[in-house]
Amino acid sequence: MQTREKWGSRWTFIMAAAGSAVGLGNIWRFPYMAGQNGGGAFLMIYLAATFMIGFSIMLVELCLGRRVQLGAVSAFKKESKSWSFVGAMGLLAGLLILGFYPLIGGWSLAYVWKAFSGQLASSDAAVLGQVFTDFITGYEALGWMGLFMALNIVIVYGGVQAGIGRTSEICMPILFLLLFIIAIRSVTLEGAEEGLKFFLTPDFSKVTFKMILQGTGQAFFSLSLGMAIMVTYGSYLDRKERLPSTTAWIVGMDTLVGVLSGLAIIPAAFAFGMETGAGPSLVFITMPAVFFHMGSVGSVLCPLFFVLLALAALTSSISIYEGPVAYLQDERGIDRKKSVIPLGIFIVVLNVLSCLSLSSMSGVTLFGLTFFDVLDFMSDKVLLASGAVLLSIFAGWKIGKERMIKELTNDGEVNVPWAGMWFILIKYIAPAIVGGILVLGLIDAGNNAMAVTSFAVIALLALFSKKF
Ligand code: PHE
């Protein structure tokens, strides 16, 4: 039997896992959600969800993967065949996310070029809005997605250390550096205080129920949880690795990038009197205008900002891609070299459909949702949270306290004073809270037909559990 691929070092692993976590979720999604949801209050909810629940669940995923040294599905299957569908759910969620994530990755790449070649040099949101709409509904976006996917294919083909590890080691420090520079420029702008206040001071009277749902959902998405990615990444870890401190690094970096992105975007937008509640277009429409206002410094920072966004997207999409590749290798004996390209082609097809659903195929809907929205609904609203609930039930009730704590502490070698508390959290509290959020989120979304369909898919996976 082949020996399992491994990360070259602890540092590589932390970079790769942080690379997975730090993505469009942090730089594109988090600032606009904070902008739409009252700033500081949203930040607090996000931080609370990250440190209480996110941290614990990430630790569970890493423990489960390292324990059996096998990817998503196998980590469950080794314990019990009837649980393997939870891993399969993770893979499915991953494929759904991969159905639109590279498209947005491609937008980021395109914007590097657009910013560099001066196509975004305007302070007029209407003009920039038109540039954005024309771009995402045109065929050009497909080409950039293709380029983004080509990068993914090359990296994942390269393998765990030489491909994913090396890429993350190079990209992550660059990303941090660029983000620091932009955040510092943003918070030192004249008139930035207002934005800083909005982003950093929580006004708890503004907290709504929806905000709690969105903040927790964001924490999950941002940490790449609920889809067994961290199980797969954990499976390439050495038995000697200390999981608690490693997890703290990953969660800390991910949160730092979210907060820094907020600092890079919100105060600058305030300083130039721009809207921060623009939603998904904040990064692509508002930010170029913000940079334009900064003058010559802005014209350098703008392309760099999109480089940063593209790097963040890349290190995340390769992590999702690795999930099915590991599965095919562990369970079907199909070598990485044989699976990467066909899978890549499949992902490209999904992204073409997602892209067209923003233009010529916008009329093709399922229960009122376009192709893009269906992927987003099923993954983000249903599968990630359900995956996290089932994962914690599996760890808490099926694997049990003794074996989980043994894995956490490397057989008692590492002293973890809060191990008992952690176990209570994953056995009782996490499933209850995440389960509650799942149900309330679906009620809030108000698309019963789509919710039922999503659960029917989960039921089908469970029914065929033994086949994975
Ligand atoms: N965490 C990534 C982000 O913040 C997205 C992601 C989700 C990656 C799930 C892998 C798995 O953009």
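One is the number of the first residue; the rest follow in order along the sequence. When a ligand or atom number is given, it counts from 1 through the structure's own listing order. FYI, side chains are in, hydrogens and waters are out, and symmetry mates aren't considered; it's all heavy atoms of this structure.
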Colleague: Give the residue and atom name of whichever protein heavy atom lies nearest to atom 8 (C) of ligand 1, and the separation in Å to one decimal.
Modeller: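 Here the closest protein heavy atom is S224 OG, 3.3 Å.
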Colleague: With a sphere of 6.0 Å drawn around CZ of F455, does it hold more than 12 non-hydrogen atoms of other residues, nucleotides or ligands?
Modeller: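 Check passes, neighbour count above 12.
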Colleague: Would you mind running through ligand 1 and noting each atom that sits below 4.0 Å from a heavy atom of Y101?
Modeller: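 Result: 2 (C), 3 (C), 5 (C), 12 (O).
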Colleague: Among protein heavy atoms, which lies nearest atom 7 (C) of ligand 1, and at what distance?
Modeller: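 Here the nearest protein heavy atom works out to F221 O, 3.5 Å.
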Colleague: By number and element, which atoms of ligand 1 are closer than 4.0 Å to a non-hydrogen atom of I320?
Modeller: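 It comes down to these atoms of ligand 1: 8 (C), 10 (C), 11 (C).
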Colleague: As a check for students: among S20, S316, A21, identify the option with a heavy atom nearest to atom 4 (O) of ligand 1.
Modeller: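 Ranked by closest heavy atom to atom 4 (O) of ligand 1, first place is A21.
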Colleague: Any idea which atoms of ligand 1 are less than 4.0 Å away from a heavy-atom of N26?
Modeller: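 Reading through ligand 1 atom by atom, the close ones are 4 (O).
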Colleague: Cation-pi between R29 and F221: NZ/CZ under 6.0 Å from ring centre and within 45° of the ring axis?
Modeller: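 The answer is yes, since R29 meets both limits relative to F221.
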Colleague: Kindly state whether the ring of W144 and the ring of Y111 have centres lying under 6.0 angstrom apart.
Modeller: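 Centroid distance W144-Y111: not below 6.0 Å, so no.
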Colleague: Counting from 1, what ligand 1 atoms have a heavy atom of S319 closer than 4.0 Å?
Modeller: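 By the 4.0 Å cutoff, the relevant atoms are 10 (C).
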Colleague: What atoms of ligand 1 come within less than 4.0 Å of a heavy atom belonging to L24?
Modeller: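 Listed by number with element: 12 (O).
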Colleague: Answer yes or no on whether K114 is positioned over the face of F306, meaning its NZ or CZ is under 6.0 Å from the six-membered ring centre and within 45° of the axis.
Modeller: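 The answer is no, since K114 fails at least one limit relative to F306.
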Colleague: For ligand 1, which atoms have a heavy atom of M227 less than 4.0 angstrom away?
Modeller: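 Result: 9 (C), 11 (C).
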Colleague: Would you please name every residue forming a salt bridge (charged side-chain N to carboxylate O under 4.0 Å, His left out) with R66, sequence neighbours left out?
Modeller: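 E407.
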Colleague: Classify the angle between the aromatic ring planes of W7 and Y233 as parallel (below 30°), tilted (30 to 60°) or perpendicular (above 60°).
Modeller: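 The arrangement is perpendicular - the two ring planes meet at more than 60°.
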